[in-house]
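Have a look at the structure below, then the notes.
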Amino acid sequence: MKSLIRQRLEAIVKELYGFVPEAYNLEVPREKAHGDYATNIAFLLAKNLKRKPDDIAQEIANKLSDAYLQAQALRGFINFKFKEELLKEEFVKLLENPQLYFFEKVKEPLYMMVEFVSANPTGPLHVGHGRGAVVGDVLARILERFGHKVVREYYINDAGYQVYLLGLSVLYRYYELYGKEDLQLKEVFEREGYRGEYIKELAREVKELYGSSLLEKDKEEAIDFLREFATKKLLEEIKATLQEFGVFFDSWVSEKGLHQEGLVEEVLKELERRCYIYEQEGALWFKSSTFGDDKDRVVRRSDGTYTYFAGDIAYHYHKYRRGFQKVINLWGSDHHGYEKRLMASLKALGIPEDWLVVEFVQMVKIFKEGQEVRMSKRTGDFVSLQELLQEVGKDAVRFVFLTKTSDTPLDFDIDLVKKKSSENPVFYVQYAHARIRGVFREVKERYGIDADSSDLRPYIRELDSQEDIELIKKCLFLKDVYEGVLDSFSPHLITYSLIELAKDFHHYYNHHRVMVEDKKVMLSRLTLFKGVELTLKTAFEILGISAPERM
RNA sequence: GUCCCCGUAGCUCAGUAGGAUAGAGCGCGAGAUUCCUAAUCUCGAGGUCGGAGGUUCGAAUCCUCCCGGGGACGCCA
C-alpha cells in the first residue's frame with residue numbers, strides 16, 4: 001500500500017520540480033483524521049524551492065488525487081486516504097493468494113546468509129540463545145518469502161580453550177566417580193571449570209560406555225577425547241532443542257574444521273600479503289587500528305596457537321568466497337565491542353562494507369514468582385531453553401521473544417506467560433483466529449455455507465461501514481509491515497501489528513454478528529473474516545506459531 | 001579510566017531516517033453476556049518524554065554538558 005503511494009508521489013514530484021528530496025517521510029500519522037499515510041515532502045521541497053510549504057503541498061495534492069487515492073494538503077503536510085474501491089481490490093488479491101499479496105518478490109534476489117545462535121557447545125542452550133534463534137529464524141523466513149535465497153548457518157566454536165575446559169571438566173567429574181584426585185586438575189576446574197549438573201551426567205555416560213579405561217590414559221589425551229565426546233553430545237542436544245523450538249539450520253560450520261582445512265593460515269597469509277600483519281613479542285598482530293578499531297589484535301599467540309579472532313576472520317572470508325552477497329549475523333550483545341574488529345578485518349581483505357550486517361540480541365532476564373532467576377553456565381544455575389519450552393510452550397516463547405526490538409533487554413516473566421489470559425498477547429492474537437474458525441464451523445452447520453471453499457469475492461462489495469473498512473485496512477497494512485521488516489531486519493514489528501489487528505477484530509466481533517437475517521450481510525462479513533483469518537494465518541506461519549481451530 | 005546502549009503513564013515497553021493534540025499492553029476504577037467462544041468488549045483516571053542549554057518553520061527523536069541504569073574493553077570464546 002505504501003509503495004503504491006510512494007511511486008505515484010515521486011513521479012509527480014519529479015514531473016513538477018525535476019527532483020525528489022532524499023530523506024522525506026511517508027508514514028502513518030498519529031491522528032486518524034490525517035488519513036492513512038502522510039508525507040512531509042513539501043517542507044523539504046520548500047527549503048530548496050524557497051516557496052511556502054502550503055502552496056507546494058497543495059500543488060502536489062491536486063495532481064495526485066484520483067479514483068483510488070485521495071490526497072489532501074493540510075498545513076504543509078500531504079495526507080493520503082485510500083478510497084474504498086482500491087482497498088477492496090487489494091483485499092480481493094489478499095483473498096485469492098495471501099502469499100503473493102503480502103510478499104511481492106524482490107526484483108533482484110540475493111544469495112544471503114543468516115548466521116545465528118552459534119552458541120558454544122559447552123552446555124545446553126539458555127533462554128538468551130532462544131531469543132536469537134527466533135529472531136534469526138523469523139528474519140530468514142521473511143527474506144525467503146520475498147524471494148531471496150537464504151542459508152541459515154550455525155558456527156560451532158569447537159576449537160580453543162573453552163572446549164578444552166569442557167573436556168577437562170568432564171574428566172574431573174569422571175575421576176570423581178572413581179574417587180581419583182588430581183590436584184592440578186582440581187585447581188583449574190575450581191577456577192574456570194563448568195560446574196553444571198550436565199557435566200556430571202556426561203561423566204556418568206562416559207563411565208557407562210568406556211568403564212575405567214580413561215583412568216589409565218594420559219591426562220591430556222583423556223581431556224582431548226572427552227572434549228570431542230562432550231561437544232558431540234552437547235551439539236546433539238542443542239540440535240534437538242532447536243528442532244523442538246521450530247528452528248532449523250541448513251549448514252553447520254566447525255571452527256576446528258576451518259583450522260584443519262588450513263583456511264586460517266591462508267587468510268593470515270592474505271592479510272600479510274596486504275601488509276596488515278606484524279610480529280611483536282613473539283605473537284602475530286593484525287593492524288585493526290588502521291580500520292577504526294581501538295587497537296591492534298593478536299591473531300597468533302606466542303605459543304603458536306591461533307586466537308578465536310583469527311578463526312573468525314577466516315570464517316567470514318570463507319563466507320565471502322562461498323558467494324554470499326549479503327550476510328546477517330545475529331550476535332549476543334556481549335560481542336558488541338567485537339564488531340569493529342571483525343569489520344576491520346573485512347575491510348582489510350577488500351570486502352565491501354555493507355556486505356555484512358551485525359544485529360545484536362540482548363539478554364533475556366527470567367523472572368519467576370517475582371524473583372529474577374540468575375543465569376550462569378559456569379555454576380550451572382540457569383533456566384535452559386529446554387526447561388522454558390516445557391514450561392510455557394513453543395508458541396508463547398516465540399511470540400514473547402518477538403515483542404521487543406532485539407537490541408534491548410527483555411524481561412521474561414514465566415508466570416505471566418503461562419497465564420492463559422489477556423495479559424498474554426499470544427493468546428489474545430490466537431484467540432482471534434480461533435473465534436473466526438468457530439464462526440465458520442457454525443455457519444457450515446446452520447446454513448451449509450463453507451467459508452473455506454466458497455468464492456466469497458463478490459460479497460466484498462457489500463462491505464461499507466466504517467468498521468468494515470478499518471478491518472480491511474488493518475489486514476492490508478501487514479504488507480507494509482513485512483516490507484518494513486525486510487528493510488530494518490526488525491521482526492518484532494509484526495507482533496505489534498498483529499496485536500492491533502486482533503484488537504480491531506475483537507472489537508468488531510463484539511459489535512457485529514455474522515449470522516444475521518440478511519444473507520448478503522452474512523456473506524459479506526464471512527468474507528471479511530476470511531481475510532482476517534488468512535492474514536493471521538500467514539503471519540503465524542512467519543512467526544512459527546500455531547493457528548488454533550479452537551481454544 | 002575509554003567506548004557503546006538505555007532513561008517515555010504505577011509496571012513492561014512502542015514511537016518505523018525531526019513532523020500535526022504523546023501511544024499500547026498490564027495494573028487500577030466503573031460497566032457489558034435471552035444472541036457466532038467473556039481467553040472478549042466499552043468507558044475512565046494516569047505524562048514538565050531523566051535534567052539544563054543549543055540547532056529550526058517544528059525536537060521524545062539531532063548536538064553539547066550533567067544526573068541515573070546496563071554492557072563491552074584478554075595472547076577467553
Side-chain angles (χ1 to χ4, degrees), chain A residues 22-31 33-34 38-40 43 46-47 52-53 74-77 79 118-120 122 157-165 192 255 280-285 294-295 297-303 305-312 333-340 360 362-363 403-405 407-411 413 416 419-425 427-428 430-432 434-443 445-446 480-481 484-485 487-488 490 492-493 496 499-500 502-503 505-516 522 525-526 529 550-551:
Chain A
E22 257 176 51
Y24 73 94
N25 276 345
L26 182 60
E27 56 188 19
V28 180
R30 264 202 274 269
E31 189 64 41
H34 293 140
T39 180
N40 65 344
F43 287 99
K47 257 184 200 153
K52 279 188 194 163
L74 185 68
R75 278 177 288 165
F77 291 93
N79 299 328
S118 297
N120 289 359
T122 52
N157 305 132
D158 53 1
Y161 193 56
Q162 295 301 330
V163 281
Y164 173 82
L165 276 178
E192 305 178 286
E255 184 187 359
Q280 193 182 316
E281 294 162 24
L284 280 190
W285 297 71
D294 309 333
K295 53 182 179 184
R297 308 287 173 174
V298 170
V299 285
R300 199 182 67 200
R301 301 184 189 95
S302 45
D303 68 3
T305 59
Y306 295 106
T307 59
Y308 172 77
F309 180 43
D312 221 16
S333 57
D334 52 335
H335 287 68
H336 221 289
Y338 190 77
E339 186 184 7
K340 269 188 191 168
F360 291 94
Q362 291 257 22
M363 303 253 307
T403 50
K404 287 177 67 171
T405 57
D407 66 358
T408 58
L410 178 77
D411 290 343
D413 185 331
L416 191 128
K419 272 191 206 161
K420 299 195 169 183
S421 75
S422 57
E423 291 167 68
N424 189 346
F427 287 101
Y428 185 78
Q430 286 180 319
Y431 185 44
R435 271 184 149 174
I436 293 174
R437 296 306 299 174
V439 171
F440 288 176
R441 276 194 302 272
E442 197 67 22
V443 168
E445 195 159 305
R446 284 198 215 171
D480 292 352
V481 174
V485 174
D487 291 340
S488 63
S490 315
H492 78 284
L493 299 171
Y496 269 88
I499 291 168
E500 273 197 23
K503 189 179 159 189
F505 171 77
H506 287 308
H507 171 88
Y508 190 97
Y509 186 92
N510 272 274
H511 292 85
H512 307 279
R513 307 191 60 74
V514 172
M515 282 163 255
V516 291
M522 180 165 93
R525 288 185 179 162
L526 223 46
F529 277 30
R550 38 167 67 88
M551 287 172 80

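Any value given below was found using the heavy atoms of this structure, including those in side chains, with hydrogens, waters and symmetry copies removed. Chain naming here is simple, since letters A, B, ... match the order of the sequence lines and numbering starts at 1 in each.
Candidate nucleotides C76(B), A20(B), A38(B) were compared by shortest atom distance to the side chain of L74(A), and A20(B) ranks first. The side chain of A38(A) has A20(B) as its nearest neighbour among C5(B), U37(B), A20(B). Of all nucleotides listed (A77(B), C35(B), A39(B)), A77(B) comes nearest to the side chain of T307(A). Proximity note for F43(A) (side chain, C-beta onward) versus A77(B), C57(B), G15(B): the nearest is C57(B). Which of A20(B), A77(B), A17(B) sits closest to the side chain of Y338(A) comes down to A77(B).
If you take atom P in C3(B) and the same atom in A17(B), they sit 28 Å apart, rounded to whole Å. Nucleotides G53(B) and G10(B), compared at atom P, are 24 Å apart to the nearest Å. Spacing between G58(B) and A77(B) at atom C1', rounded to whole Å, works out to 49 Å. Here, A14(B) and C76(B) have their C1' atoms 38 Å apart, quoted to the whole Å. Comparing the P positions of G19(B) and U61(B) gives an interatomic distance of 10 Å, to the nearest angstrom. Comparing the C1' positions of A9(B) and G46(B) gives an interatomic distance of 6 Å, to the nearest angstrom. The same atom, P, is picked in U55(B) and in A60(B); the two are 16 Å apart, to the nearest Å.
At a threshold of 4.0 angstrom between heavy atoms, the contacts of A434(A) include nucleobase atoms, whether or not backbone atoms are also involved. Residue N40(A) is classed as a base contact, given a heavy-atom separation below 4.0 Å to a base. Across all strands, D480(A) comes closer than 4.0 Å to no nucleic acid atom at all (heavy-atom distances). Counting any heavy atom pair closer than 4.0 Å across all strands shown, R300(A) reaches no nucleic acid atom. Residue G484(A) is out of contact with every strand shown, counting any heavy-atom pair closer than 4.0 Å.
A ring-centre distance under 6.0 Å is found for F505(A) and F529(A).
Relative orientation of the H512(A) and Y508(A) rings is tilted, given thresholds of 30° and 60° on the angle between their planes.
Ring-base stacking between Y496(A) and A14(B) is not satisfied when judged by a centre separation under 5.5 Å and a plane angle under 30°.
For the OP1/OP2 pair of G25(B) and a distance below 4.0 Å, the side-chain nitrogens and oxygens of K503(A) include at least one atom meeting the criterion.
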